[in-house]
Amino acid sequence: MTKPSKIERALLFSFIRLSALLGAHTASNAMIFAFRRWGMKFDGTPRYLSWRTNFDGTDYGLIEIGEGTTVSSFCRILTHDWAADTIARGMDMHFTPPLGRVAGVKIGKFSFIGTNSVVMPGAKVGNFCIVGAGSVVRGTIPDYAIYTGSPGKIVGDTRDLVKRVTDARTA
């Protein structure tokens, strides 16, 4: 794994933004190249990563994304949370090390993360899942779940969704 310098990150993200002018998938491929270089784990090749998604740069090696997965625009994938330390400092309490949490995120194979979703540190999204737009993901989402809301909850099964869509097409 190579930890990117600030200059390398700035140059590469500028290149990714420019490559978006050539098409969304061109920018997605550039992102996959960069994040793989910086230690992000890919189990196969994602279908699409929006260049407008914010992947937490604390340690890209804490993020794992599965084959065929789509991460839509304006999502945030977080691997750290320092909220408790911020509040403790406001109460004039200082801790060494700081009160924080750093935890990996895993998004399974062929899953879809909807626009404006936030995936919190330690979250695990199973295979073949749909995370609805604007959802906050925490904890573990089992395979085939449709998960939506803030706080998020499971509202369906992707196998049923695919069957309904397929049946409607053939009707």
Side-chain angles (χ1 to χ4, degrees), residues 1-18 20 24 27-28 30-43 46 48-66 69-108 111-127 129-143 145-156:
M1 172 181 88
T2 304
K3 180 130 174 101
S5 69
K6 289 182 180 183
I7 292 171
E8 181 182 9
R9 281 177 50 125
L11 289 172
L12 203 46
F13 285 128
S14 295
F15 173 75
I16 288 167
R17 285 190 174 161
L18 286 172
S28 179
M31 286 180 62
I32 293 166
F33 170 81
F35 288 132
R36 188 172 273 139
R37 173 178 160 77
W38 297 337
M40 193 179 288
K41 298 174 191 86
F42 292 98
D43 184 8
Y48 175 71
L49 302 179
S50 172
W51 68 273
R52 290 182 172 127
T53 290
N54 183 296
F55 290 94
D56 188 344
T58 300
D59 180 353
Y60 292 117
L62 294 172
I63 302 170
E64 184 175 342
I65 298 178
T69 287
T70 293
V71 180
S72 303
S73 298
F74 307 110
C75 293
R76 293 188 59 89
I77 312 297
L78 301 174
T79 60
H80 76 281
D81 177 3
W82 300 109
D85 194 66
T86 300
I87 292 171
R89 285 175 184 270
M91 299 171 159
D92 209 23
M93 294 187 280
H94 301 275
F95 295 91
T96 303
L99 293 177
R101 180 170 184 231
V102 176
V105 168
K106 180 177 181 180
I107 300 172
S111 289
F112 181 92
I113 310 298
T115 191
N116 281 320
S117 293
V118 178
V119 181
M120 299 297 290
K124 291 178 179 51
V125 177
N127 299 316
C129 291
I130 294 173
V131 172
S135 296
V136 176
V137 179
R138 53 191 193 100
T140 299
I141 301 173
D143 293 348
I146 299 172
Y147 181 94
T148 189
S150 177
K153 63 181 179 179
I154 296 171
V155 297

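FYI, side chains are in, hydrogens and waters are out, and symmetry mates aren't considered; it's all heavy atoms of this structure.
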Visitor: Supply the atom-to-atom distance Ile113 CD1 to Ile130 CD1, rounded to the nearest 0.5 angstrom.
Guide: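 Between atom CD1 of Ile113 and atom CD1 of Ile130 there are 10.0 Å.
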
Visitor: Between atom CG of Asp56 and atom CZ of Arg76, what is the distance when rounded to the nearest 0.5 Å?
Guide: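 Rounded to the nearest 0.5 Å, the CG-CZ separation comes to 7.5 Å.
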
Visitor: Quick one: are Pro121 and Leu78 in side-chain contact, heavy atoms under 4.5 Å?
Guide: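 A side-chain contact exists here, since the closest heavy-atom pair is under 4.5 Å.
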
Visitor: State the CD1-SG distance between Ile146 and Cys129, to the nearest 0.5 angstrom.
Guide: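 Reported to 0.5 Å precision, the distance equals 9.5 Å.
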
Visitor: Considering all heavy atoms of both residues, which atom of Trp82 and which atom of Leu99 are nearest to each other, and what is their separation?
Guide: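 Residues Trp82 and Leu99, closest heavy atoms: CE3-O, 3.6 Å.
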
Visitor: Any donor and acceptor pair, going by atom type alone, linking the side chain of Thr69 with main-chain N or O of Gly108 inside 3.5 Å?
Guide: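 Looks like yes, one N/O pair under 3.5 Å.
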
Visitor: Measuring from atom CZ of Phe112 to atom OH of Tyr48, what distance do you get when rounded to the nearest 0.5 angstrom?
Guide: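 Nearest 0.5 Å value for the CZ-OH distance: 10.0 Å.
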
Visitor: Please check if the number of heavy atoms outside Lys41 that lie under 6.0 Å from its NZ is greater than 12.
Guide: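 Yes, enclosed.
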
Visitor: Under 3.5 Å, side chain of Asp143 to main-chain N/O of Gly126, donor-acceptor pair present?
Guide: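 No, the answer is negative, given that no donor and acceptor are paired below the 3.5 Å cut-off.
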
Visitor: Would you compute the distance between atom CZ of Arg52 and atom CE of Met31 and round it to the nearest 0.5 angstrom?
Guide: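 So the CZ of Arg52 and the CE of Met31 are separated by 11.5 Å.
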
Visitor: Using side-chain heavy atoms (C-beta onward) and a distance below 4.5 Å, is Ser111 in contact with Ile141?
Guide: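 No - every pair of side-chain heavy atoms lies 4.5 Å or more apart.
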
Visitor: Using modelled atom types and a 3.5 Å cut-off, is there a donor and acceptor pairing between side-chain atoms of Thr115 and backbone atoms of Ser73?
Guide: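 A pair under 3.5 Å: yes.
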
Visitor: Would you say Thr53's side chain and Ser72's backbone share a donor-acceptor pair under 3.5 angstrom?
Guide: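 It does hold such a pair.
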
Visitor: Looking at Met91, I want to see if its CE is surrounded by more than 12 non-hydrogen atoms of other residues, nucleotides or ligands under 6.0 Å.
Guide: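 No, the 6.0 Å shell around CE holds no more than 12 heavy atoms from other groups.
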
Visitor: Return the minimal non-hydrogen interatomic distance between Met40 and Ile63, and the atom names on each side.
Guide: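 That closest heavy-atom pairing would be CG-O, 3.3 Å.
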
Visitor: Answer yes or no: is there a side-chain heavy-atom contact under 4.5 Å between Ile77 and Ile107?
Guide: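 Yes, their side chains come closer than 4.5 Å.
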
Visitor: Quick one: are Val136 and Tyr147 in side-chain contact, heavy atoms under 4.5 Å?
Guide: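 No, too far: nothing below the 4.5 Å cut-off.
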
Visitor: Checking Ser135 side chain against Val137 main chain: does a donor-acceptor pair fall under 3.5 Å?
Guide: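 Not a single qualifying donor-acceptor pair exists.
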
Visitor: So, Asp85 side chain and Gly100 main chain: donor-acceptor pair closer than 3.5 Å or not?
Guide: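 It does not hold such a pair.
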
Visitor: For the pair Thr79 (side chain) and Gly104 (backbone), establish whether a donor and an acceptor sit closer than 3.5 Å, ignoring hydrogens and angles.
Guide: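 Not a single qualifying donor-acceptor pair exists.
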
Visitor: Would you call the rings of Phe35 and Trp38 parallel, tilted or perpendicular, where under 30° means parallel and over 60° means perpendicular?
Guide: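 Rings of Phe35 and Trp38: perpendicular, over 60°.
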
Visitor: Specify the closest pair of heavy atoms between Arg138 and Ala123, including all atoms of both residues, with the distance to one decimal.
Guide: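 Shortest heavy-atom contact: CA-CB, 4.2 Å.
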
Visitor: Looking only at heavy atoms, which two atoms of Asp59 and Gly61 are closest? And how far apart?
Guide: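 Heavy atoms of Asp59 and Gly61 come nearest at OD1-N, 2.8 Å.
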
Visitor: Minimum heavy-atom separation for Ser117 and Gly132, please, with both atom names.
Guide: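 In terms of heavy atoms, the two residues are closest at OG-O, 3.1 Å.
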
Visitor: Ignoring hydrogens, what is the shortest heavy-atom contact between Ala103 and Gly122? Give both atom names and the distance.
Guide: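 For Ala103 and Gly122, the tightest heavy-atom pair comes out as CB-N, 3.5 Å.
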
Visitor: What I'd like to find out is whether the side chain of Leu49 reaches to under 4.5 Å of the side chain of Ile32, using heavy atoms alone.
Guide: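 Contact flag for Leu49/Ile32 side chains = yes.
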
